[in-house]
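Below is one structure, written out as structure tokens; the observations come after it.
Each chain gets a letter, A, B and so on, in the order its sequence line appears, and its residues count up from 1.
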2 protein chains.
Amino acid sequence: MRIDKSEDAGNGGGEAPKKERGHVHGHVLRYMRRGLMVGAFLPGQVMSLRKLAAGFGTSPMPVREVLSRLVAANALEETKGGSVRVPRLSPEKLSDLFAVREMLEGMATELAAKKATPALISELAAINKQLLVAIEKRDILNCLSSNQKFHFTLYEAAASDVLMPLIESLWLQFGPTMYMSLLIPSMPWNASDHEDILAALNEGNASAAKKGIVHDIRTTCKALLSVAGSQGIELPFAQGADLQFDY
Amino acid sequence: MRIDKSEDAGNGGGEAPKKERGHVHGHVLRYMRRGLMVGAFLPGQVMSLRKLAAGFGTSPMPVREVLSRLVAANALEETKGGSVRVPRLSPEKLSDLFAVREMLEGMATELAAKKATPALISELAAINKQLLVAIEKRDILNCLSSNQKFHFTLYEAAASDVLMPLIESLWLQFGPTMYMSLLIPSMPWNASDHEDILAALNEGNASAAKKGIVHDIRTTCKALLSVAGSQGIELPFAQGADLQFDY
DNA sequence: GATCTCATATTGTGATCAATAAATGATCTT
DNA sequence: AAGATCATTTATTGATCACAATATGAGATC
């Protein structure tokens, strides 16, 4: 069969729009997921199929599928009109979210600690060093990124393909709010719990590692709630409708 | 087979293609979710967009979106070719699944117990009565259905819109396997833990209620694993490719 | 000046189409 | 006769089209 795909190369004045089939939505999904965790999208922002498709250089169809999946993962919510937007979290929901995080990520940490290898620990230490640098420079993007990397490489070591998707769903949910909060000057940035966790992993003390993660999560939650209480979660943000694809 | 979502009847000799816009996929999604929990789909079964669309009397498009969401919720998995199928659970994954169930549903039960009203308790008691009847009659369908109803009305009382979706995701995952296992004669059917939970709720004893749920889940897990061990999870089933929409 | 109404534009939804890729079956060769 | 190759069929995927509902804005009315 194989009908000679041909005319991309030799075609001099190629008018062909270069069809390029094959699984675009995987790309888009990864991009959006990362974007949600790292602050490319803001709470309350509505996602437009056509705008996003234009941004990704594709048709609305793959984007529709991706948004659909993110809605299913509770990372996005749909309005009565069928549009999807980034949810705006109430302090209560944020609190619930972090309570569940403590359980799930605590469990993952415990499992991971029991399987921890020296290679894993040194990898985590390296990531934490990057995090410290990002904190030093007040670099929100790299701070979120390396913090996420630290947690997820740790949980990945638990090798539980049932815990992992649940944890990811939670991170997708609080991601945008987390980014918003880091914009506030009074928000404390620290990674002291990570040091404790590394120490616990070195000692092979699983329950101490778990305690460390739980403390880390609880501290973050308190910080988030305090800035939410002082300034209100709903900050006025100007860039509302526009996207930032350059990260 | 024809699902007949609404006014097919009134249309006399309707030649009109019956455009019927407006959110078909909600129907399909609810139907599929229930179907997964109640045994309409079997582990290993591959879902055909066209077949399903024909069954629902719609085009492949809304079905595609629904399947996409179910994949995102880990209720279905996609093959390398892009098809989606009902996952076949390994004993290890089943065990992991139920370990997480214990945590999440235990937490939900504890919260629910603290908010339990007499109305809720009597509702749960009524549902449990239906369950007992179903067990008596060895009616798999109503057994699964009322068991699911018992658990979910209990968890619903926790009023946590972060726990609920996670729990639903878990149920969607083990649903098909659960149905398979109930087909095995040696599988024990009982609802004794539910009685204990009702008693705990009546006493306002939250931790006892939690213990009851955890015990219920653990018992179910052991039963599932034992039949998996004796007969293997992968039973040969004939109806593989066909669907049963009539439940 | 505020509110209600209507027209416009933008959005999502569902259907159809073209094209790729996988699965299936048949034919040919060894 | 058994295995491999190739063609046919069927599957999903991405693009485009038509329609409906919603949101937005301007204009008129009270």
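- Each of B/Val84 and A/Gly57 was assigned the nucleotide of DNA chain D with the nearest heavy atom; the assignment lying further toward the 5' end belongs to B/Val84.
- Put simply, CG on A/Leu144 and CE on A/Met37 are 11.0 Å apart, with the number rounded to the nearest 0.5 Å.
- No hydrogens or angles considered: a donor-acceptor pair under 3.5 Å links the side chains of A/Ser145 and A/Arg34.
- Nearest nucleotide to the A/Leu49 side chain, out of D/dA11, C/dG12, D/dG14: C/dG12.
- Under 4.0 angstrom from either OP1 or OP2 of D/dT13 there lies no side-chain N or O belonging to A/His25.
- Within the 4.0 angstrom heavy-atom criterion, only backbone atoms of the sugar-phosphate kind lie near B/Ser48; the bases stay farther away.
- Exactly one residue among B/Leu76, B/Leu42, B/Leu70 makes a side-chain contact (heavy atoms from CB on, under 4.5 Å) with B/Val86. That residue is B/Leu76.
- With B/Val66 as the partner, the side-chain contact (heavy atoms from CB on, under 4.5 Å) test is satisfied by one option alone out of B/Leu52, B/Val28, B/Val71: B/Val28.
- Across C/dG14, D/dT12, D/dT16, the shortest atom-to-atom separation from the side chain of B/Pro62 is found for C/dG14.
- For C/dG12, its base never sits under 3.5 Å from the side chain of A/Arg64 at any donor and acceptor pair.
- Applying the 4.0 Å criterion to OP1 and OP2 of D/dT12, one finds that B/Arg50 has a side-chain N or O inside that range.
- Taking the centre of each ring, A/Tyr31 and A/Phe56 come in below the 6.0 Å mark.
- A donor-acceptor contact closer than 3.5 angstrom links the side chains of A/His151 and A/Tyr155.
- Proximity of A/Lys51 to the phosphate of C/dT11: a side-chain N or O atom is located under 4.0 Å from OP1 or OP2.
- With the nearest nucleotide of DNA chain C identified for both B/Met61 and B/Thr79, B/Met61 has the one nearer the 5' end.
- Of the residues in residues 65-74 of chain A, not one comes within less than 4.0 Å of DNA chain C through any heavy atom.
- As rounded to whole Å, 13 Å separates atom C1' of D/dA11 from atom NZ of B/Lys80.
- Ranking D/dA15, C/dG12, D/dT12 by closeness to the A/Thr58 side chain, first place goes to D/dA15.
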